[in-house]
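A short write-up of the structure that comes next.
Proteins get letters first, then strands, A, B, ... in listed order; numbering begins at 1 in each. All figures in this text were calculated on a predicted structure; none of them were measured in a lab.
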Amino acid sequence: MSTMSLVGALNAGLRKSMADDDRVILMGEDIGTLGGVFRVTAGLREEFGADRVVDTPLAESGIVGTAIGLALRGYRPVCEIQFDGFVYPAFDQIVSQLAKFRARSGGRVSLPIVIRIPVGGGIGAVEHHSESNESYFAHTAGLRVVSCATPDDAFHMIQQAIQSDDPVIFYEPKRRYWDKGEVLDQSDRNLHEARVLREGSDCTLVAHGPTVATALAAALAAAEDGFSVGVVDLRTISPLDLSTLEEQTMTSGRVVVVHEASTFLGIGAEIAAAISESCFYSLRSPVLRVGAFNMPYPPAKVEDAFLPSVDRVLAAVDHAMNY
Amino acid sequence: MSTMSLVGALNAGLRKSMADDDRVILMGEDIGTLGGVFRVTAGLREEFGADRVVDTPLAESGIVGTAIGLALRGYRPVCEIQFDGFVYPAFDQIVSQLAKFRARSGGRVSLPIVIRIPVGGGIGAVEHHSESNESYFAHTAGLRVVSCATPDDAFHMIQQAIQSDDPVIFYEPKRRYWDKGEVLDQSDRNLHEARVLREGSDCTLVAHGPTVATALAAALAAAEDGFSVGVVDLRTISPLDLSTLEEQTMTSGRVVVVHEASTFLGIGAEIAAAISESCFYSLRSPVLRVGAFNMPYPPAKVEDAFLPSVDRVLAAVDHAMNY
Amino acid sequence: MSRQTDSQSTTKTRPVPPTLSVITEGSPLSFVNPDGTLTADGEAHGIDIELTRGLYREMLLARTLDREALSLQRQGELNLWLMCLGQEAAQIGSVAALLPSDMIFPSYREHAVALYRGVTPAELLVQWRGLAHSGWDPRKYNLQMAALVLGTHTLHATGYAVGARMEQTDEVVAAYFGDGATSQGDVNEAFNWASAGSLPVLFICQNNQWAISTPTSVQSGGQIFRRAAAFGMPTWFVDGNDVLAVHAATTAAAAHIRLNGGPALIEAETYRMAGHSSSDDPTRYRSDEELESWARRDPLTRIEKLLRLMETPESFFAELDESAERLGAEVRDACRNLEPTELADLFGNVYAEPHDSLEAERRSYQESARALAGVNR
Amino acid sequence: MSRQTDSQSTTKTRPVPPTLSVITEGSPLSFVNPDGTLTADGEAHGIDIELTRGLYREMLLARTLDREALSLQRQGELNLWLMCLGQEAAQIGSVAALLPSDMIFPSYREHAVALYRGVTPAELLVQWRGLAHSGWDPRKYNLQMAALVLGTHTLHATGYAVGARMEQTDEVVAAYFGDGATSQGDVNEAFNWASAGSLPVLFICQNNQWAISTPTSVQSGGQIFRRAAAFGMPTWFVDGNDVLAVHAATTAAAAHIRLNGGPALIEAETYRMAGHSSSDDPTRYRSDEELESWARRDPLTRIEKLLRLMETPESFFAELDESAERLGAEVRDACRNLEPTELADLFGNVYAEPHDSLEAERRSYQESARALAGVNR
Ligand SMILES: Cc1ncc(C[n+]2csc(CCOP(=O)(O)OP(=O)(O)O)c2C)c(N)n1
Ligand SMILES: Cc1ncc(C[n+]2csc(CCOP(=O)(O)OP(=O)(O)O)c2C)c(N)n1
Ligand SMILES: [Mg+2]
Ligand SMILES: [Mg+2]
């Protein structure tokens with residue numbers, strides 16, 4: 001066990017995967033000599049060489065497209081997309097090629113590729129550098145989508161994602177990159193299980209990645225006011241760990257989903273729909289959503305007002321309690 | 001009033017828009033001399049010239065990207081994407097540029113661009129030619145997304161979409177292209193209103209584009225069995241016409257959404273979440289969804305089993321009735 | 001100083017460096033004239049009669065397959081067919097110059113390539129009958145599945161070549177694509193990537209003059225082989241209807257790649273003699289004269305003439321006709337005997353690892369299918 | 001026959017056409033040496049003293065802006081700054097050769113271009129202070145907003161030029177981008193589109209040797225100006241640190257476009273003297289020697305030397321220093337006096353036409369903001 005930042009944990013996880021399996025290859029813009037703009041891959045080129053930590057040309061479609069070619073040859077590429085907003089040039093390669101390849105091949109060919117995406121806002125960045133686009137990929141059959149919130153999960157989940165024989169979109173919460181936490185030697189769960197961080201009998205908050213800390217803070221604040229509010233860290237966005245969500249819903253009867261993506265067709269919509277269907281008679285209020293307004297991410301100076309805050313989460317809990 | 005196929009109605013609508021406003025320019029692959037692979041633009045090049053009905057190079061990003069440039073100059077481009085599955089190379093231009101342009105410019109610059117996409121399955125096509133990808137665009141702030149189901153709507157909605165000062169993703173249901181219907185001279189509603197095709201006191205089916213006919217057939221079949229099942233043609237996917245949906249939900253207490261896209265984060269998820277929130281106490285059963293399984297569109301010979309059928313819709317109605 | 005390039009003049013009041021023409025018209029490499037006689041290059045290169053017979057045989061079989069498949073489509077046995085009529089030389093000449101161990105990334109029209117690599121008619125047709133998205137195991141034939149989203153596979157080939165270079169093999173990784181596909185960003189990213197990384201990719205562009213109804217003049221402002229050259233790779237511009245020239249150019253390009261490691265491109269100038277697909281009506285956009293002028297440059301006819309000039313025994317042609325007939329019958333049988341596909345079986349193809357919710361969807365699908373079967377019985 | 005291109009040899013047993021080298025090294029067009037003397041081309045072209053002074057002045061002002069902005073960033077007054085230090089000649093030389101009516105599509109580093117076009121310091125800084133995504137009305141300055149997703153705007157410029165051609169104007173539409181951006185599919189699609197359509201686009205590539213930490217050698221295997229030429233347009237390769245050469249080349253390219261209608265490209269070889277942005281530490285990936293060698297080729301120094309050689313009065317430099325000082329003060333003031341942005345005001349910027357659900361979101365946001373304000377009071 002040791003204490004690490006989330007960036008450090010990712011770095012350590014990548015190092016371990018690379019040491020364990022020499023088919024693992026990292027590729028992306030500025031990940032080699034520079035170690036990535038967030039330094040997630042710092043030192044890895046020195047350790048594993050330029051063939052395995054590849055500075056690519058500046059072309060996201062090329063990064064994912066050539067990763068597919070490498071995977072066809074037996075490699076396990078891990079692609080870094082520099083910022084969330086720059087994944088779209090690779091959208092065709094991800095959605096039409098990567099996601100569909102196994103089905104298209106009649107199950108003959110799997111593509112064990114991980115696409116790492118630093119995600120979300122809160123770091124005062126310029127446009128295109130603060131987006132939350134997990135819905136696009138979660139809606140795409142053939143992909144798996146996960147989101148880590150803590151150093152411990154970052155360390156283990158990146159390794160599990162690399163070990164998966166399916167393509168995994170791996171989200172890293174930018175504004176939690178420098179948060180420290182304890183990292184255990186062994187993981188206590190597989191890639192597609194949610195984690196109940198706190199049980200709650202009045203309401204359950206569901207979050208992933210950057211909003212997990214927000215949800216926890218809200219739950220603590222609610223506790224001070226006498227409400228028992230639980231928190232579930234989704235960890236997996238596709239597939240969803242519905243059984244954990246259902247269990248918690250049965251207990252609390254109220255659910256608030258918190259994420260940075262737009263609520264319109266955000267993962268909260270799917271959770272609301274699924275939970276409303278499976279727990280119809282257990283719900284004491286509708287599943288509520290706290291997320292982005294239906295507008296592009298605003299300029300940095302107003303992002304605090306834009307991001308789901310503890311206050312907005314508490315208002316939703318209130319709303320649910322008084323429904 | 002006259003009788004037209006859906007293709008014919010689109011053709012007539014485009015012709016009218018072009019005649020009314022010489023800033024309207026059509027562009028796409030094979031839309032000029034050939035008139036488009038579905039002949040939606042047949043005859044228009046002869047009528048309006050090669051400058052206004054443009055055969056483009058084979059590059060979807062280029063089509064949308066240059067359309068943006070034209071719109072910045074005051075034109076109103078209407079882009080054709082040859083098949084649903086070929087829109088992804090343009091994803092970055094649509095999602096990062098087209099959708100965000102107005103917000104990025106501080107409201108100074110609007111982009112009145114229409115992107116026409118023949119959508120969905122049921123025509124026995126090969127892979128990538130039968131997809132339903134409206135969720136991606138509906139989740140994207142800054143876009144409007146509509147879906148026509150009948151020749152009358154096709155005729156009027158394409159004109160309204162072209163008149164809109166916002167970018168509109170315009171879906172055309174491929175397998176209904178050759179269906180005939182009456183086209184009225186005047187439209188009875190604006191672009192973002194749903195249409196109640198049938199009132200129902202037991203259950204409301206919500207569909208758009210290709211599944212509207214399926215929903216109607218199911219409602220008729222249910223009526224034979226003594227159930228009063230209503231049908232709403234969404235017409236607009238983003239923004240949703242929630243007030244019409246809420247009204248119908250208040251009446252019937254049961255809602256089944258039918259679409260060809262995957263149910264996981266399909267528009268049914270958003271409708272279920274929104275309706276569950278606003279009509280919590282009126283719902284007699286959870287909002288149910290009939291759509292694609294979470295897999296890429298299958299080979300043509302099994303598409304009938306894959307597409308939402310009358311039987312699958314009726315099963316869902318049954319399920320809702322017996323909840 | 002060659003810093004400014006173009007043959008057109010510029011208005012200027014003061015001297016700036018003169019333009020340098022790089023966009024001159026080059027005529028493609030050609031060995032055999034349409035009448036079967038040899039060009040000067042053909043004379044210089046010399047003709048290998050066994051090779052020529054072999055290539056002719058493969059072209060004829062490919063044409064047979066193509067014709068049978070189209071006729072099956074017309075009979076409703078196939079949903080769609082994309083004809084390779086007229087492009088046999090470009091395909092056979094190139095694939096025959098590669099080693100069986102060289103991985104190929106085809107587009108959707110490379111039926112001649114697939115047949116040459118040993119793909120069976122059943123494996124080939126299953127996709128076009130609407131029963132599967134692809135019919136063969138890519139590893140068995142070192143031939144990947146057809147790429148239908150234009151140009152995407154050129155990046156896959158490039159990535160595959162990254163591995164080949166890392167492992168220090170002398171493999172060539174070939175990617176086939178059309179003139180239209182070169183307008184896509186992906187193809188240009190692949191050119192750049194392969195060149196920057198000095199990767200063993202052989203780009204094979206069949207410029208068949210059309211992308212559905214769009215002629216090359218609308219598609220691009222320069223020639224493809226020159227563009228690729230400027231990305232930093234040697235390129236060969238070849239008469240794509242001349243199987244011997246294509247073979248020689250591909251041999252040279254592959255040898256170059258094996259020796260030097262970097263990419264190369266072949267632009268084979270050919271013609272799509274049929275429509276874009278069985279759904280297309282090419283008379284809507286192109287003239288009979290154009291078609292006829294290309295018909296006179298048919299890739300099979302000229303080699304047949306050459307073989308006859310070289311006194312190939314009649315028995316060769318007779319045996320070949322028999323083989324073709326056998327193949328035709330085999331194609332028809334294979335098509336009609338293809339096993340039906342069950343939707344339930346496809347759920348397992350999506351993910352390699354267990355996926356609970358998709359598994360649940362499969363179960364619910366199967367239950368409802370069973371229930372419906374009961375109702376309809 | 002020029003059908004095969006490359007200087008490297010190929011292994012072959014039989015003759016195939018020889019390789020032809022098109023990828024030779026050309027040296028960039030240059031008028032002024034780093035020591036202020038003229039090159040032979042400079043002598044031939046001649047020097048317009050008024051023009052030179054004007055360009056020098058603009059470069060110095062741009063450098064002042066850049067320095068002030070970086071220092072504001074270091075003081076926490078700006079969130080981010082992307083330095084244009086070292087690229088003043090490439091930017092000023094090119095923009096000054098265009099007409100004010102020529103629309104420009106910049107990337108994110110074209111502060112010198114913006115300043116030249118009249119954009120005010122406040123309009124320029126508002127984006128980097130995190131108050132807006134863009135600061136000026138594109139129509140006012142015929143300057144579009146900065147494109148941050150690399151290369152996307154080259155297609156916008158191309159589309160804009162479609163309109164210019166249709167309307168039979170003699171406008172030039174200019175797009176600025178970096179060496180790294182040329183690896184993106186979009187930029188290549190734009191090259192192809194503009195060439196195929198013979199559109200009046202002037203592509204201006206500032207090759208500053210680096211894309212963040214990625215050097216041009218990793219980025220591409222050929223030279224950018226040669227690539228563009230092969231797409232079918234005249235290109236100029238110019239010393240991007242020589243404002244007079246850049247100006248002459250841009251003048252020639254613009255004239256070519258106005259006369260002939262088709263596109264052209266200028267590759268200005270320059271250097272990003274500072275880090276990629278205020279967040280970047282360039283010492284992690286490049287050497288001091290490299291930096292020093294480029295420092296000796298500074299675009300301002302050489303023109304200052306030239307002006308002194310040409311006996312420019314000291315008063316010119318003194319007045320210019322004053323102007324620079326004034327600009328510096330103006331920049332600092334403008335930055336600190338920028339109005340705050342209210343999230344509530346941004347809802348109306350998303351759609352041009354009424355949007356009920358977003359309107360509802362705005363109302364609910366405002367209500368809760370008011371409620372919270374109440375709580376916190
Ligand atoms: C990204 C994409 N856009 C559009 C299409 C539709 N489409 C299929 S083939 C074709 C023309 C291709 O022309 P070319 O590359 O020259 O190949 P050819 O068909 O001539 O062999 C088009 C437009 C597609 N398959 N993929
Ligand atoms: C599509 C996309 N991918 C990645 C980035 C992140 N990024 C911003 S600038 C930059 C380097 C650009 O280099 P170049 O084009 O040479 O321009 P320069 O910064 O040198 O002016 C990168 C990788 C981006 N902005 N857009
Ligand atoms: Mg073609
Ligand atoms: Mg650069």
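Panel note: side chain C/His133, backbone B/Tyr297; a donor-acceptor pair is recorded below 3.5 Å.
For C/Tyr108, no part sits under 4.5 Å from any heavy atom of chain B, backbone or side chain. For B/Pro298, the parts lying under 4.5 angstrom from a heavy atom of chain C are both the backbone and the side chain. Looking at B/Ser61, there are no atoms closer than 4.5 Å to chain C (heavy atoms on both sides), in backbone or side chain. Within the 4.5 angstrom heavy-atom criterion, no atom of C/Arg362 approaches chain B. The contact between B/Ala305 and chain C is made by backbone and side chain atoms together, counting heavy-atom distances below 4.5 Å. For a residue to count as touching a neighbouring chain, one of its non-hydrogen atoms must lie under 4.5 Å from one of that chain's; by this rule B/Phe86 touches chain C with the side chain only. C/His276 does not touch chain B: none of its heavy atoms, backbone or side chain, sits under 4.5 Å away. For a residue to count as touching a neighbouring chain, one of its non-hydrogen atoms must lie under 4.5 Å from one of that chain's; by this rule B/Glu303 does not touch chain C. B/Thr56 touches chain C through its backbone: at least one of N, CA, C or O sits under 4.5 Å from a heavy atom, while the side chain does not.
Looking only at heavy-atom pairs under 4.5 Å with chain B, the residue among C/Leu131, C/Thr341, C/Leu80 that has the most is C/Leu131. In terms of heavy-atom pairs under 4.5 Å with chain B, the best-connected choice from C/Ser220, C/Ala132, C/Ser368 is C/Ala132. Among the candidates C/Leu150, C/Val218, C/Val350, C/Val149, the residue making the largest number of heavy-atom pairs closer than 4.5 Å to chain B is C/Val149.
Between C/Asn79 and B/Val126 the shortest side-chain heavy-atom distance does not fall below 4.5 Å. With contacts defined as side-chain heavy-atom distances shorter than 4.5 Å, the pair C/Pro340/B/Lys301 does not qualify. Proximity of C/Leu343 to B/Met295: side-chain heavy atoms (C-beta onward) are separated by under 4.5 Å at one or more points.
For the atom pair OH of C/Tyr365 and CZ of B/Phe293, the computed distance is 7.0 Å after rounding to the nearest 0.5 Å. Atom CG of B/Leu34 sits about 7.5 Å away from atom CD1 of C/Ile212, to the nearest 0.5 Å. Put simply, CD on C/Glu361 and OG1 on B/Thr263 are 5.0 Å apart, with the number rounded to the nearest 0.5 Å. Atom OG of residue C/Ser213 and atom CD1 of residue B/Ile31 lie 10.0 Å apart, to the nearest 0.5 angstrom.
The minimum heavy-atom distance between B/Pro299 and C/Gly130, with the atom names listed, is CB-O, 3.2 Å. Contact between B/Glu127 and C/Ala146 at its shortest, heavy atoms only, is OE2-O, 4.1 Å. In terms of heavy atoms, C/Gly180 sits closest to B/Leu58 at O-CB, 3.5 Å.
Crowding of B/Asp51 atom CG: a count of heavy atoms from other residues, nucleotides or ligands under 6.0 Å exceeding 12. Other residues, nucleotides and ligands contribute at most 12 non-hydrogen atoms within 6.0 Å of the CD atom of C/Glu342.
There is no side-chain donor-acceptor pair under 3.5 Å between C/Ser357 and B/Asn294.
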